[in-house]
2 protein chains.
Amino acid sequence: MTVWDRPEPPTRPAPLDRERIVAAAIALADEGGLEAVSLRKVAARLDVGPMRLYGYISTKEELFDLMVDEVYAEILPEEQPGDWRETLRILAHRTRQAALRHEWLADLLGGRPTLGPNALAVTEATLAALDGLADLDTVMRAVETVSAYFTGAIRREIANLRAERATGLSKRDWQRAYGPHLMRMLATGRFPALAKAVHDGTEVDAEASFATGLDWVLDAVAAKLARPPA
Amino acid sequence: MTVWDRPEPPTRPAPLDRERIVAAAIALADEGGLEAVSLRKVAARLDVGPMRLYGYISTKEELFDLMVDEVYAEILPEEQPGDWRETLRILAHRTRQAALRHEWLADLLGGRPTLGPNALAVTEATLAALDGLADLDTVMRAVETVSAYFTGAIRREIANLRAERATGLSKRDWQRAYGPHLMRMLATGRFPALAKAVHDGTEVDAEASFATGLDWVLDAVAAKLARPPA
DNA sequence: TCTTAGTAAAATACAGTGTATCGACATGAG
DNA sequence: CTCATGTCGATACACTGTATTTTACTAAGA
């Protein structure tokens, strides 16, 4: 269980603190993905023995939590002038952009409850934007539905992006080149609808399709908020 | 890159094959979570040296892919009589139930493109159910939006479930007991909307809220399918 | 039948991981 | 000056995924 309150730093010198540790970990993850983050490498980047970190962090999982919360600071919009719909849309897009900057975020998104101060601030801002528009249950459902959508969509987008990168091909070609396997599968005739989709599918812009799906979900939420409880 | 086609098994005896390996790995994961799955433990469970496994799988990631595809076999509905909406709803619920049986699935869901035979069969069935209801782009958007929703929702549900289990408390109490930290945060007055939500929030049934959000999304999809392209 | 070639399996090896523990050292109190 | 405290570094342990080497056995050729 992550303890979000920073313990007192060691009494005297120590040019080391949580923020520097987290920053180093994020840098490592940005460069080489989550699996490039090891306590030893983080410590090395700070010119410090690995065990020093345990004065500030009690487990690697906790470090991940802190990294995620740090990114939530980037996600939190500076001002939110618009209505609830604009607030949710912006939140979704900012989360997506953060995940594009820090792809490892996709691996962590939704993996555990987000209770860091920045994540709480994001939740607060979101709830505030919906406050009073419906009963609390409906508001919660709305927030959770929208965030379930963009969480899932972001994960899939990053997953596809990585797969494309691994083969070095555009999505259209990717399906054609994804080893002989997929083509053989399609050639069996057991997947006619899929085959048609692969064959006729146009190359879609990831951001556009994210935005479209988001709008659909927001439409649904709007309909439920209008007509409060069932 | 996972090779989905099984290589020829070793010529003679070998009571070992991919299926047994995957079954052992799934059993391990069901018992102790994904991090309890190590190639050494899988091999030990099959009374075999660790290196034997590399005759059937080429990397641990590949083993995970195979595990996921195996679960997709549970997810694929035996028959699908209903309309597209029923098909999507059933898919979502079956995926959720599979994740409740195999919690580790939540860690893998959406993490990488699913191209195993069973996953393809699921995709095929889904696309077939929507075939002809709108242009292909719209259909794809519909499928992806719905699956983004339930993927995200399932991940969050499992994450919360684990957090509750870790403290051994119901959700209501959980918020109250989640260390002094959260309460202190709320007591600061910086999160009034959140505080109200925590205070007034009723204990909601996870399945019900999953289903409700799903219905909202399906409503949105229905609206778009009715009025084909913009 | 004996030898040899080839292959499947096991054993060993390596470079790394998260984290516990212990020993030295420096700093403050008496 | 002595002693206690408590931080830091080094060392240690149990484990990981996987490469490489060694062994065992099986089948073919002479």
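Just so we're on the same page: letters track the sequence lines, and every chain starts at 1.
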TODO: Would you indicate what V42(B) reaches in the nucleic acid, counting non-hydrogen atoms under 4.0 angstrom: base, sugar-phosphate, or nothing?
DONE: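 Since no nucleic acid heavy atom lies under 4.0 Å of V42(B), the category is nothing.
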Task: Pairs satisfying ring pair (Phe, Tyr, Trp, His ring centres under 6.0 Å), at least one member in residues 24-43 of chain A, at least two apart - done: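 Passing the test, one end in residues 24-43 of chain A: no pairs.
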TODO: Would you list the pairs meeting ring pair (Phe, Tyr, Trp, His ring centres under 6.0 Å) in which at least one residue belongs to residues 26-52 of chain B, sequence neighbours left out?
DONE: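 Qualifying pairs: none.
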Open item on the list: For the aromatic rings, using the six-membered ring if either is Trp, is the centroid distance between H93(A) and F210(A) under 6.0 Å?
Closed with: yes
Please table the atom pairs, donor to acceptor, closer than 3.5 Å between any side-chain atom in residues 40-50 of chain A and protein atoms at least two apart or in another chain.
residue	atom	partner	partner atom	Å
K41(A)	NZ	A36(A)	O	3.3
R45(A)	NH2	E31(A)	OE1	3.0
R45(A)	NH2	E31(A)	OE2	3.0

Please report, rounded to the nearest Å, how far the [atom2] atom of [N] is from the [atom1] atom of [X].
X: I57(A); N: dG18(C); atom1: CD1; atom2: P; answer: 11 Å
X: E35(B); N: dG17(D); atom1: CD; atom2: P; answer: 12 Å
X: D47(A); N: dC8(D); atom1: CG; atom2: P; answer: 15 Å
X: L46(B); N: dA10(C); atom1: CG; atom2: P; answer: 12 Å
X: F64(A); N: dG18(C); atom1: CZ; atom2: P; answer: 8 Å
X: K41(B); N: dT16(D); atom1: NZ; atom2: C1'; answer: 10 Å

Does [X] have any side-chain contact (heavy atoms from CB on, under 4.5 Å) partners at least two apart in sequence or in another chain, and if so, which?
X: A98(B); value: V71(B), I75(B), R101(B), L105(B)
X: L100(A); value: R96(A), E157(A), I158(A), L161(A)
X: I90(A); value: P77(A), E86(A), R94(A)

TODO: Return the angle between end axes of the helix from dT1(C)-dA30(D) to dG30(C)-dC1(D), with five pairs used per end and rounding to 10°.
DONE: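 It comes to 30° between the two terminal axes.
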Donor-acceptor pairs are to be reported for all side-chain atoms of residues 117-128 of chain B against protein atoms at under 3.5 Å, with residues two or more places apart or in another chain.
residue	atom	partner	partner atom	Å
N118(B)	ND2	D69(B)	O	3.1
N118(B)	ND2	D69(B)	OD2	3.3
T123(B)	OG1	A119(B)	O	3.0
E124(B)	OE1	A193(A)	N	3.2
E124(B)	OE1	L194(A)	N	2.8
E124(B)	OE2	A193(A)	N	3.0
T126(B)	OG1	V122(B)	O	2.8

TODO: Determine yes or no for a side-chain-to-main-chain donor-acceptor pair under 3.5 angstrom, with R156(A) supplying the side chain and E144(B) the backbone.
DONE: yes
Below 3.5 Å between N/O atoms, which protein atoms pair up with nucleotides 18-24 of chain D? Just atom names and distances, please.
residue	atom	partner	partner atom	Å
dT18(D)	OP1	T59(B)	OG1	2.9
dT18(D)	OP2	Y54(B)	OH	2.8
dT18(D)	OP2	K60(B)	N	3.1
dT18(D)	O5'	Y54(B)	OH	3.0
dT18(D)	O4	R40(B)	NH2	3.4

Open item on the list: It should be established whether R52(B) places a side-chain nitrogen or oxygen under 4.0 Å from OP1 or OP2 of nucleotide dA8(C).
Closed with: no
